[in-house]
> 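Sharing a structure, written as structure tokens. Questions coming.
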Amino acid sequence: MSTRIRTVSDVLDVKRITTQTLQEMKVAGIPVAMLTAYDFTSARILDGAGIDVLLVGDSASNVMAGHETTLPITLEQMIYHAQCVVRGVQRALVVVDLPFGSFQGNSRKALASGIRVMKESGAHAVKLEGGQTIVPSVERLLEAGIPVMGHLGLTPQSIYRFGTYKVRAEEDDEADRLREDAILLERAGCFAIVLEKIPAALATEVSRSLSIPTIGIGAGGGCDGQVLVTHDALGLSTDFNPRFVRRYAHLDRAIAESVQRYIEDVRDRAFPTDEESY
Ligand code: KIV
């Protein structure tokens, strides 16, 4: 067997990113870049830019629908967003959140929800929040051939149990539970785990202890990949400012300035010109 170290292009020059590609990225030490997407046009741009994984996150409840939490979004709405994203994607792996109420406490329901997502949207995998309690659901989904991404740490579907969006697993007992949950999810067959808003040292330790990739959000640079909500990264939702968000653009300003110019042109009858008319 060849012992040659695989380069970035060996691993990433693929037509489609699969769960297997993510595993190869972990082995080769190539960080996974993941962003959220909820619609066709954005998905096409992000995919064309070379993103590895697009998450149809239940953060759609916040950034698309304007709800305060992720709890209200329904399975039907998630499927609709996933269908739009899948139509815009050629290369990225598309992962869809199973929303609140579509899997908790019932592995049969989890399976039924996962099957609906895969069948009706054409997405490639689902993501479930939770540790030990979701293991039966992960196993059932995998038996049906559905890849599962886990999600530990700050799990927004449990916000009313936590009572706050502060950093999780700072105390020893919660950190120990998270270490155990990560191992249980790996053993159950998850292909990756999102680690949200936990201390960087803990995320690094967990990432090193697992053979599957971890994808961090507010979990420091020691994870095997990173994820951000696209609206935060591109400066579209600017009222959410935790320290882990890096703004790569200020599209809110760019859009507002463009719209102001458009309004001026309309008022001045500078738009449309003869060239823009029939
Ligand atoms: O719904 C979402 O956008 C997520 C990410 C924050 C990981 O779960």
Side-chain angles (χ1 to χ4, degrees), residues 22 31-39 42-43 46 51-75 77-82 84-85 92-104 113-114 117 121 123-131 134 147-159 162 165-169 178 181-182 185 190-198 203 206-207 212-220 223-234 236-237 239-247:
L22 299 195
V32 176
M34 169 160 134
L35 283 170
T36 61
Y38 319 100
D39 68 282
S42 317
L46 302 179
I51 198 74
D52 301 314
V53 185
L54 281 179
L55 171 66
V56 184
D58 58 359
S59 49
S61 181
N62 309 109
V63 298
M64 299 301 290
H67 293 295
E68 202 179 313
T69 73
T70 58
L71 275 66
I73 199 159
T74 64
L75 184 62
Q77 288 165 339
M78 289 301 296
I79 290 171
Y80 169 74
H81 286 296
C84 300
V85 167
L93 182 80
V94 179
V95 182
V96 183
D97 261 329
L98 287 194
F100 179 69
S102 73
F103 69 93
Q104 279 89 352
S113 301
V117 167
S121 76
H124 313 129
V126 296
K127 174 163 85 59
L128 274 68
E129 293 184 6
I134 66 153
V148 182
M149 179 179 273
H151 185 156
L152 295 171
L154 178 66
T155 45
Q157 291 176 14
S158 304
I159 190 58
F162 297 147
Y165 283 98
K166 81 172 189 55
V167 180
R168 303 307 311 177
L178 189 140
D181 282 342
L185 291 181
C190 283
F191 69 88
I193 302 177
V194 167
L195 297 177
E196 181 163 353
K197 215 166 178 189
I198 62 171
V206 169
S207 304
I212 55 171
T214 59
I215 317 279
I217 173 161
C223 296
D224 302 302
Q226 298 293 329
V227 57
L228 282 175
V229 169
T230 296
H231 288 57
D232 298 334
L234 299 185
L236 281 164
S237 13
D239 43 359
F240 181 63
N241 287 301
R243 79 158 83 154
F244 65 77
V245 168
R246 185 178 294 180
R247 300 222 189 272

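Quick caveat, the model's predicted, so the values are computed rather than measured. Numbering of ligands and ligand atoms starts at 1, following listing order.
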> How long is the span from the CZ atom in F103 to the CG atom in D97, to the nearest 0.5 Å?
8.5 Å
> Verify, without hydrogens or angle tests, whether S61 (side chain) and T69 (backbone) share a donor-acceptor contact under 3.5 angstrom.
yes
> Roughly how far apart are I217 CD1 and L154 CG, rounded to 0.5 Å?
9.0 Å
> Drop me the distance from D232's CG to D239's CG, to the nearest 0.5 angstrom.
9.0 Å
> Please indicate whether F244 has more than 12 foreign heavy atoms, meaning atoms of other residues, nucleotides or ligands, lying under 6.0 Å from its CZ.
yes
> When you measure from the side chain of S102 to the backbone N and O of S113, does any donor-acceptor pair fall under 3.5 Å?
no
> Check ligand 1 against the protein and report each N/O to N/O distance under 3.5 Å, formatted as atom name, atom name, distance.
unit_1: ligand 1; atom_1: 1 (O); unit_2: D58; atom_2: N; d: 3.2
unit_1: ligand 1; atom_1: 1 (O); unit_2: D58; atom_2: OD1; d: 3.0
unit_1: ligand 1; atom_1: 1 (O); unit_2: S59; atom_2: N; d: 3.0
unit_1: ligand 1; atom_1: 1 (O); unit_2: S59; atom_2: OG; d: 3.3
unit_1: ligand 1; atom_1: 1 (O); unit_2: D97; atom_2: OD2; d: 3.1
unit_1: ligand 1; atom_1: 3 (O); unit_2: S59; atom_2: OG; d: 2.5
unit_1: ligand 1; atom_1: 8 (O); unit_2: K127; atom_2: NZ; d: 2.9

